[in-house]
Amino acid sequence: MNSQLGVRSGVARRLIIYVVLFSSFITLLTTAVQLYLDYEADINFIEEQLQEAQRVHLKMLTTTLWASDAKELKTHLEGISQRRDMLFLEIRDKEKIWASIGIRQDKNVMSREYPMIYTHRGRDIEIGKFTVVASLTGVYQRLIDKVWVILIGNGIKTFLVAGFILFLFYKLTTRHLIQIADFTRDLDISPGKQLSLERKPNNNKKADELDLVVTAINQMQRNVSESFAALKASRDLVQLLLDSTAEAIYGIDTQGKCTFANPACVKLLGYDKVDELLGQNMHLLIHHTRENGSLYPAEECHIYQTIKQGARTHIDHEIIWRKNNTSVAVEYCSHPIYQANELAGAVVTFIDITDRKQLRQRLLQAQKIEAIGQLTGGIAHDFNNILSAVLGFTELSLEISPNNNELREYLNQVLLASRRARDLIAQMLAYSRGCVTEPEVLEVEPQVSEIIKMLRASIPTTVDIVLHCEKDLPSILCAPVHLHQLVINLCINARDALGGQGCIDIRVSKGSYLQQYCASCHELVAAEYLELSVTDGAQGIKPEVMERMFDNFFTTKEVGKGTGMGLSTVHSIMHELGGHLLVKSKQGVGSTFRLLFPWVEDKEREHAVEPVLTEENYASLTGKVLVVDDEVSLTRLAEEFLQSWGCEVTAVSSVQEALFIVNQNAEPFDLIITDYTMPGMNGAELLREIKRGQLDLKVIMWSGYNEEIDEEQAREFGVDIYLNKPVRPAQLFEAVKSLLA
């Protein structure tokens with residue numbers, strides 16, 4: 001008895017040892033393979049994210065960096081950083097870091113550095129670098145977590161199976177053949193369910209046929225169980241991928257009915273659960289109408305063609321419809337599904353491209369603003385040339401008509417109007433080109449009165465503009481062009497809100513503000529301010545618009561009728577000045593925008609009086625002067641003044657003529673006055689040619705408007721004095737006097 005038990009226990013012991021060793025080996029092997037595959041999948045996922053940062057975001061970030069919009073860069077990087085394993089994002093140029101998210105590390109990371117190339121005027125310019133760093137720490141941690149789960153689970157199963165085998169060999173006998181048949185007929189593939197027979201001790205030391213059958217049946221049961229477990233694991237993995245992906249995915253059969261849908265699809269389409277989609281005809285449910293509202297026949301639908309012809313389709317822009325009957329722009333791909341070489345349906349993946357469309361519209365708007373700036377610069381150049389002639393000849397006329405008071409009054413009015421035009425051009429340039437302007441101590445009332453005069457040209461006569469100002473108002477520290485931008489933006493918005501009929505009320509007053517919050521920065525306002533308010537009697541602002549009205553590019557106007565930059569500009573200027581904004585709006589009553597400016601105690605300002613040259617306020621000059629300008633009226637004007645001051649003048653209207661005179665004239669010139677922008681050769685190139693033979697030649701350069709040159713750059717190629725047109729005679733006299741004295 002003991003020997004027989006010893007034999008069977010020896011077989012069981014050996015089997016247990018083999019099972020433990022083999023199971024341990026398989027456990028380690030499968031664990032290693034699974035961990036390797038998971039590692040590769042994580043690494044590939046991170047690599048795809050790094051490539052996606054270049055493929056999807058680089059171009060957009062480059063455009064935003066070119067526009068120097070640090071806030072938009074920061075917002076965009078925050079969106080990218082939400083992706084799994086993203087550690088560090090940075091955008092920088094040679095001078096500074098424009099935007100940075102996260103903390104950079106050097107260990108256990110994958111990183112990419114992409115050059116940011118912007119194409120400007122047909123030339124590629126590297127304006128910065130985009131650095132993306134992904135952490136491998138999460139990959140390693142997930143692998144470590146899986147190692148313990150797999151090893152412990154398989155270890156427990158191994159010892160349970162080994163113990164159960166021992167139990168079988170000691171307890172089952174051949175008298176229970178019926179149990180074998182019943183077990184085989186009603187095979188249960190659940191883990192742990194195995195055939196067990198109570199057997200008497202076998203005198204034969206060798207395993208009999210029943211032992212072989214029991215072993216074979218139990219092995220078959222384990223194989224089937226493992227196959228079903230693997231199938232379930234595969235199904236769970238597929239479901240996990242569907243549930244985890246950000247892309248919306250659904251499947252359809254050959255009739256176009258939904259067979260599955262992931263949570264992203266259910267959410268994007270506005271449904272509560274997937275059961276609302278299963279069995280529904282997806283074309284009739286979400287793809288029935290085009291963007292313009294016309295019906296979309298199923299026969300013309302690209303997804304429908306996929307399940308009819310088995311052809312993959314990719315559409316980068318189309319409209320689908322949500323449960324609440326609102327539309328959303330999407331990009332989608334449809335792939336055919338085959339089973340046993342038969343077309344069984346299709347799987348459709350799609351993403352919301354609403355943000356992409358908005359970014360494209362912002363880019364077009366930015367290009368439009370840039371074009372306006374270029375047009376303004378060109379107008380400024382020509383107009384300043386004209387103003388130079390008008391101002392100069394007017395002052396010349398004042399000089400030679402000292403006894404005609406009526407004529408002098410008329411000429412003074414021309415002079416004042418011309419100076420207003422000059423200042424207006426300067427304001428246009430500052431507004432359209434973003435020129436840096438220094439703040440000044442301003443009295444608000446005369447500035448606002450001047451702005452209202454300008455606004456009358458763009459405000460219908462059916463809209464009244466009323467200005468109310470308190471007495472003894474303090475001054476503010478603000479650039480005039482910024483005050484113009486603030487008032488004009490608010491008045492234009494009020495004009496559009498009124499719809500061409502009503503009144504715009506502008507008030508300037510002084511007051512204290514406590515326990516109120518700024519409408520744009522939401523900080524507590526608690527100080528004394530000078531208030532400039534603009535009120536309309538329109539329909540008021542909707543609450544949902546109030547929340548976003550200071551955002552860049554946000555507008556409620558039709559395409560082409562608003563830039564979305566008006567109130568965001570007001571927000572930026574006011575907070576640069578240290579001020580705040582208060583907004584009060586009521587539906588059906590109207591809206592009031594209140595600009596709160598910090599005031600300055602010293603209200604006194606020095607009003608510069610531009611002098612008019614007369615015989616009493618200039619001295620006689622001597623010297624030989626060459627004047628070069630393609631504007632004939634300016635060369636004639638300069639010649640008149642310079643000769644009246646005692647200079648010997650040669651005036652020409654082309655660079656070729658100037659070079660000829662310089663080369664033919666034996667006696668060198670003492671001074672050359674030249675424009676920068678001229679046909680054939682600019683002023684810098686002209687000076688380079690002339691100064692080869694006369695290095696000590698004094699130079700005055702003037703320009704109506706040019707982005708290629710400023711005073712500092714002009715001095716680098718030999719200019720002594722740089723003047724911006726229109727040039728006043730007194731200004732020109734002082735410049736010539738300083739060089740010829």
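None of these values were measured; they are calculated from a predicted model. By convention here, the first residue in the shown sequence is residue 1.
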Looking at [X] and [Y], would you say the former's side chain and the latter's main chain have a donor-acceptor pair under 3.5 Å?
X      : Y      : result
Asn44  : Tyr39  : no
Thr306 : Ala311 : yes
Thr64  : Met60  : yes
Arg322 : Val328 : no
Ser585 : Ile541 : yes
Thr259 : Gly251 : yes
Lys323 : Leu269 : no
Gln82  : Gly79  : no
Trp321 : Thr289 : yes
His575 : His571 : yes

Quiz item: Should Leu581 and Leu596 be marked as a side chain to side chain contact (heavy atoms under 4.5 Å, CB included) after you check the CA-CA gap, both sets of side-chain angles, and the distance that decides it?
Solution: CA-CA 6 Å; Leu581 289 133; Leu596 307 183; over 6 Å; no
Self-check item: Side-chain H-bond candidate by donor/acceptor type, Gln485 with Asn489, under 3.5 Å
Solution: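 No, no side-chain donor-acceptor contact under 3.5 Å.
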Quiz item: Is a side-chain donor-acceptor pair under 3.5 Å present for Asp85 with Ser135?
Solution: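 No, no side-chain donor-acceptor pair sits under 3.5 Å.
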Could you state the interatomic distance from [atom1] ([X]) to [atom2] ([Y]), rounded to the nearest 0.5 Å?
X      : Y      : atom1 : atom2 : value
Ser533 : Phe593 : OG    : CZ    : 11.5 Å
Ile286 : Leu277 : CD1   : CG    : 8.0 Å
Lys107 : Thr137 : NZ    : OG1   : 11.5 Å
Gln51  : Leu58  : CD    : CG    : 13.0 Å
Leu89  : Thr131 : CG    : OG1   : 9.0 Å
Ile125 : Thr62  : CD1   : OG1   : 12.0 Å

Quiz item: What residue pairs, at least two apart or across chains, pass salt bridge (charged side-chain N to carboxylate O under 4.0 Å, His left out) with a residue in residues 127-136?
Solution: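 For residues 127-136, and leaving out neighbouring residues, the salt bridge (charged side-chain N to carboxylate O under 4.0 Å, His left out) pairs sorted by first residue read Glu126-Lys129.
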Neighbour count >12 (heavy atoms, 6.0 Å) for atom [atom1], [X]:
X      : atom1 : value
Glu331 : CD    : yes
Glu95  : CD    : no
Ile103 : CD1   : no
Arg55  : CZ    : yes
Tyr140 : OH    : yes
Lys74  : NZ    : yes
Glu300 : CD    : yes
Lys257 : NZ    : no

Exercise. Specify whether His120 and Trp66 have parallel, tilted or perpendicular ring planes, treating 30° as the upper limit for parallel and 60° as the lower limit for perpendicular.
Key: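 Rings of His120 and Trp66: tilted, 30 to 60°.
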Quiz prompt | Aromatic ring pairing Tyr296/His283, orientation class (parallel under 30°, perpendicular over 60°, tilted between) | solution =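 Rings of Tyr296 and His283: perpendicular, as their planes differ by over 60°.
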Exercise. Run the numbers on Arg142 and Asp42 for salt bridge (charged side-chain N to carboxylate O under 4.0 Å, His left out), then give the verdict.
Key: CA-CA 10 Å; Arg142 288 191 289 272; Asp42 278 352; 3.2 Å; yes
Exercise. Decide side chain to side chain contact (heavy atoms under 4.5 Å, CB included) for Phe88 and Ile101; before the verdict, give the C-alpha distance in whole Å, the side-chain angles of both, and the deciding distance to 0.1 Å.
Key: CA-CA 6 Å; Phe88 176 75; Ile101 297 294; over 6 Å; no
Exercise. Step by step, work out the side chain to side chain contact (heavy atoms under 4.5 Å, CB included) result for Glu47 and Met110.
Key: CA-CA 8 Å; Glu47 184 67 29; Met110 294 176 64; 3.1 Å; yes
Quiz item: Run the side chain to side chain contact (heavy atoms under 4.5 Å, CB included) check on Glu318 and Arg290 step by step: do they pass?
Solution: CA-CA 8 Å; Glu318 202 156 289; Arg290 294 187 175 91; over 6 Å; no
Of all heavy-atom pairs between [X] and [Y], which one has the smallest distance, and what is that distance?
X      : Y      : result
Ile80  : Leu61  : CD1-CD1, 4.3 Å
His287 : Ile319 : CD2-O, 3.4 Å
Ile504 : Cys491 : CD1-O, 3.7 Å

Exercise. Under the salt bridge (charged side-chain N to carboxylate O under 4.0 Å, His left out) rule, what do Glu52 and Arg83 come out as? Steps first, then yes or no, please.
Key: CA-CA 11 Å; Glu52 182 180 347; Arg83 304 300 297 271; 3.2 Å; yes
Beyond-backbone contact of [X] with [Y], side-chain heavy atoms, under 4.5 angstrom:
X      : Y      : result
Asp93  : Ile127 : no
Ile249 : Cys265 : no
Ser81  : Leu87  : no
Leu490 : Leu595 : yes

Self-check item: Any pair counted as ring-ring contact (aromatic ring centres under 6.0 Å, His included), so long as it reaches residues 297-318, sequence neighbours left out
Solution: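 Listed once each, the pairs would be none.
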Quiz item: Per the side chain to side chain contact (heavy atoms under 4.5 Å, CB included) rule, which among Ile452, Asp464, Ile465 passes with Ile459?
Solution: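 Looking at Ile452, Asp464, Ile465, the match for Ile459 under the side chain to side chain contact (heavy atoms under 4.5 Å, CB included) is Ile465.
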Quiz item: Looking at Leu498, Thr592, Val589, which one forms a side chain to side chain contact (heavy atoms under 4.5 Å, CB included) with Asp536?
Solution: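 With Asp536 as partner, Leu498, Thr592, Val589 yield a single side chain to side chain contact (heavy atoms under 4.5 Å, CB included), made by Leu498.
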Quiz prompt | Arg92 bridged to Glu113 by N-O distance under 4.0 Å | solution =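 No salt bridge links Arg92 with Glu113.
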Practice problem: Just jot down the side chain to side chain donor-acceptor pair (under 3.5 Å) partners of His580, sequence neighbours excluded, or say none. | Solution: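 Result, side chain to side chain donor-acceptor pair (under 3.5 Å) vs His580: none returned.
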